[in-house]
Amino acid sequence: MSTVLPDLSDALADAVSSAADGLVRVEGRDRLPATGIVWDAEGLIVTSHHVLERDENIKVGFQDGESVAAELVGRDPSTDLALLRTSKRGSSVPAWAEADSLRVGHLALALGRPGASVRATMGIISVLGQAWRTPAGGPVDRYLQTDTVMYPGFSGGPLVDSQGRFVGLNTSALVRGVSITVPEPTIRRVVQDLEKHGSVRRAYLGIGAQPTRLPDALAKELGQETGLLLVSVEPGSPAEEGKLFLGDTLVTLGESPVRHMDDLFNGLDGERIGKSLAVRIIRGGQLVDLTVSPVSHP
Amino acid sequence: MMTTLLPKLNSDLGELADRVRRSLVHVSVGRRGSGSGVVFTSDGLVVTNAHVVSGGRDRNSQTSEFQVTMPGGTTVKAVLLAKDDGIDVAVLKIETPGDKTPEIFPIDMGDSRSLRAGQWVMAMGHPGGVAGAAVAGIVIGAGPDLPEAPGSGRDWVAVDLALRPGHSGGPLVDHHGRLIGISTIMAGLDVGMAVPAHVIEEFVAKVVAGDFGGGGDSVLV
């Protein structure tokens, strides 16, 4: 026999060991603790939003056995991320790898620290896709799915590559039944928002909408085949104040055509809050131009 | 660029499975149930789970009837020496009468006290009656503080592979084919739990020594 199998086994266990310093235990719910990742040497920890079932009395346990109180800086349910601040200084910060360095088929490890020590499951990169939106509307830079088993308490822990480098944060809550990893660029963006504002700011109009096909003549005139039919307008919302009505079809937001729900989400980032925004709708077969002022998402 | 790594790996995996299969037996308890077992010593001790053999004793009689099917296909009778429901381990001795003695290959022993999260493992058994099937994965973790581990304070090895009924009592081995536990229960579809080899070794040592002083759930049969 060659040494391939022992070498593989040792390499996997080494990858787990080398990642261990960057993993913490997060105690923020009554049942099993979950996992978090050391974000910087100043005591910041990223974890999953859904494993924090309370805002206070959160504890974080480190590799060296120390357990410290943590303050919730903020959470973003749309990407299932949360940021904690601890008094722990000088933790070694994990090395991050870009998702671009991965290929479908590569071995990867999901790590967790639901107890005192680090636990691991192994799988391969199943899907490495483009940017996507979570069912809750959160923008994520890459769709990254593995066939690793999310062992109890693994949410909030890292996906680790063959060299022990962190690739993203695993969560079992974004899509039911599959292991999804939120890649590092998304975490970085959310962490910045949470540090600055305590939340991820998104603009809000107060509408419910669904895609609808446009009449042929208007489709030709606008150069788009679909728009968004308003199926609800919240009372007192920016949409109502801007004179949008149930049954209107939204076709333009600012300068951009609105064809699908994604166009609406993309058009309502935090920068739009409190600013006038031109919208174009179809009402009674006619194009109508209106102005709305989005507020911060409640 | 393809290298020769994967063909090498596959060749080693096949060789390892063949080697471990020589120590893998099928244990059946009359018509009441069956599972897997591991040849533990060269004089014919076989270990399996206590829950595999627990159907073997008739309520109304003390007779225990076990058949052990060796890797070569020979079926021999076995007697139950001892079992401990607390650690879910049972020890059988196969009868080796005269010229019908089957070839006995005891499994190599590994070190289940120094397992590392991430290290490679393979389980073999007879899931769903399929003889000598192999599944591989890694060690999730070992010790007494694993989530969803039954029995507080008991040592377990958790592995990320799919154990199924029929795997019970079969060997869990490391990358050298050395025994690090016996497959015992499923904890979810893709997580298996094994009784660590050191727990089994301690129990077998007690059985061989005939020492059960205050042994809790242990029964000398």
Side-chain angles (χ1 to χ4, degrees), chain A residues 1-20 23 25 29 31-35 61 63 103 105 107-124 146-155 157 160-164 172 177-179, chain B residues 1-20 110 114-122 134-149 152 156-163 173-178 180 186-193:
Chain A
M1 278 181 59
S2 75
T3 62
V4 173
L5 199 50
D7 288 349
L8 173 69
S9 187
D10 286 345
L12 289 168
D14 287 347
V16 175
S17 309
S18 72
L23 263 82
R25 182 178 61 258
R29 58 183 177 186
R31 45 202 180 87
L32 187 70
T35 306
Q63 163 79 358
R103 290 167 63 196
L107 289 180
L109 294 156
L111 306 187
R113 191 193 288 279
S117 45
V118 171
R119 311 296 187 191
T121 63
M122 182 182 68
I124 63 170
T146 66
D147 68 350
T148 55
V149 175
M150 288 299 281
Y151 194 63
F154 268 36
S155 272
V160 162
D161 73 5
S162 58
Q163 297 166 62
S172 54
V178 292
S179 303
Chain B
M1 238 264 295
M2 297 289 284
T3 68
T4 57
L5 186 71
L6 285 181
K8 260 190 208 160
L9 179 65
N10 277 343
S11 158
D12 286 5
L13 287 169
E15 203 175 308
L16 196 77
D18 285 344
R19 187 140 53 81
V20 174
S114 58
L115 294 174
R116 301 173 71 195
Q119 79 172 72
W120 184 90
V121 287
M122 181 177 69
V135 283
I138 63 168
V139 170
I140 293 174
D145 67 333
L146 289 156
E148 296 191 357
S152 67
W156 287 101
V157 182
V159 288
D160 76 340
L161 44 77
L163 294 184
V173 299
D174 68 8
H175 49 267
H176 291 300
R178 298 176 302 204
I180 55 177
M186 299 154 58
L189 274 183
D190 301 301
V191 174
M193 306 288 274

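What you see is a predicted model; the values in this text were computed from it and never measured. Residue numbering restarts at 1 for every chain, and letters A, B, ... go by the order of the sequence lines.
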TODO: Determine the option with the most heavy-atom pairs under 4.5 angstrom with chain A, choosing from B:V191, B:I140, B:L189, B:D190.
DONE: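 Max contact count across the listed options: B:I140.
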Open item on the list: Looking at chain A, which one of B:V139, B:L161, B:L146 has the largest number of heavy-atom pairs inside 4.5 Å, strictly under?
Closed with: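 Going by pairs under 4.5 Å, I would pick B:L146.
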Task: Identified salt bridge (Lys or Arg N to Asp or Glu O under 4.0 Å) counterpart of B:D145 within the set A:R25, A:R119, A:R113 - done: A:R119
State, to 0.1 Å, how close [X] and [Y] come at their nearest heavy-atom pair, and which atoms those are.
{"X": "A:L12", "Y": "B:I138", "result": "CD1-CG2, 4.0 Å"}
{"X": "A:A120", "Y": "B:G118", "result": "CB-N, 4.1 Å"}
{"X": "A:L5", "Y": "B:D12", "result": "N-OD2, 4.2 Å"}
{"X": "B:R116", "Y": "A:D10", "result": "NH1-O, 4.1 Å"}
{"X": "B:W120", "Y": "A:S9", "result": "N-OG, 2.8 Å"}

Atom group of [X] that falls short of 4.5 Å from chain B, counting heavy atoms:
{"X": "A:V149", "result": "side chain"}
{"X": "A:T148", "result": "neither"}
{"X": "A:D7", "result": "neither"}
{"X": "A:A11", "result": "neither"}
{"X": "A:P152", "result": "both"}

Open item on the list: To the nearest 0.5 Å, what is the distance between OG1 on A:T3 and NZ on B:K8?
Closed with: 7.5 Å
Task: Region of B:A142 that comes under 4.5 Å of a non-hydrogen atom in chain A - done: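 Backbone only.
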TODO: Look at A:L109, A:L8, A:D14 and state which one has the largest set of heavy-atom pairs under 4.5 Å with chain B.
DONE: A:D14
Task: Set of residues satisfying side chain to side chain contact (heavy atoms under 4.5 Å, CB included) with respect to B:E15, sequence neighbours excluded - done: A:M1
